[in-house]
Amino acid sequence: MPAPKDKKKFLLWAYPSTLELVKNNYRKDKCKSQSEFIERAIQYYVGHVTADEDTSYLPNAFLSNMKSIVAESDNKHSKMLFKLSVEIAIMQNLIAATNDIDPLSLERLRGECVEEVKRLNGRFSFEDAFDWQKE
């Protein structure tokens, strides 16, 4: 196998356990060879060691991490909001089908509900509605 262009071969002393880690993990990082894995590991570690000198490494790693966390959180919230919207739509249709509410009363109730939810900082429970209706 010909030597890659602009690369140099050198002697590396490593514990068998370290070489086993490389052998077992280089494909997980989508590396084509164990050498590529070791080179990436060295570059990553140097970035970590020099992070206090080179502020570009840490922000990029941090930003990448934060983007993936936010994306996953956004995905979970979107799924939960969808499920909640379906349940609310079912409840609204059941109530609308079983009650005769005039448009003016509905609009007045909407305004009162907005004020009550604001007052409770969005934490409005069924018990709150029950107590409110009993007043």
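Heavy atoms only: backbone and side chains are in, while hydrogens, waters and symmetry mates are out. By convention here, the first residue in the shown sequence is residue 1. The structure presented is a predicted model; accordingly, all values stated were derived computationally and were not measured.
- Closest approach of Leu120 and Asp128 over heavy atoms only: CD1-OD2, 3.8 Å.
- One finds a salt bridge joining Glu36 and Arg40 here, because a Lys/Arg side-chain nitrogen approaches an Asp/Glu carboxylate oxygen to under 4.0 Å.
- One N or O on the side chain of Thr98 and one on the backbone of Leu94 form a donor-acceptor pair closer than 3.5 Å.
- Between the side chain of Asp74 and the backbone N or O of Val70 there is no donor-acceptor pair closer than 3.5 Å.
- One hydrophobic cluster holds both Leu12 and Tyr26 under the rule that ILVMFWY side chains link at heavy-atom gaps under 4.5 Å.
- Residue Val86 is tested with Leu84, Ile90, Ile88 for a side-chain contact (heavy atoms from CB on, under 4.5 Å); the sole match is Ile90.
- Here the straight-line distance linking atom CG of Asn24 with atom CZ of Phe37 works out to 10.0 Å at 0.5 Å rounding.
- Atom-to-atom distance recorded for Phe130:CZ and Glu135:CD is 12.0 Å, nearest 0.5 angstrom.
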message: Quick one, Ile101 with Leu109, criterion side-chain contact (heavy atoms from CB on, under 4.5 Å). Give me CA distance, side-chain angles, the key distance, then yes/no.
response: CA-CA 10 Å; Ile101 302 171; Leu109 178 61; 5.9 Å; no
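- The hydrophobic clustering, which links ILVMFWY residues whose side-chain heavy atoms are closer than 4.5 Å, places Val22 and Val46 together.
- Between Ser78 and Asn75, the side chains place no donor N or O within less than 3.5 Å of an acceptor N or O (distance only, hydrogens not considered).
- Put simply, CG on Asp29 and CZ on Arg27 are 13.0 Å apart, with the number rounded to the nearest 0.5 Å.
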Candidate pair Glu72 and Lys76, rule side-chain contact (heavy atoms from CB on, under 4.5 Å), full reasoning: CA-CA 6 Å; Glu72 183 62 28; Lys76 287 180 181 179; 3.4 Å; yes
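- Remark: the backbone N or O of Ser105 is paired with a side-chain donor or acceptor of Asp102 at under 3.5 angstrom.
- Side-chain heavy atoms closer than 4.5 Å link hydrophobic residues (I, L, V, M, F, W, Y) into clusters, and following such links, even through other members, never connects Trp13 to Phe10.
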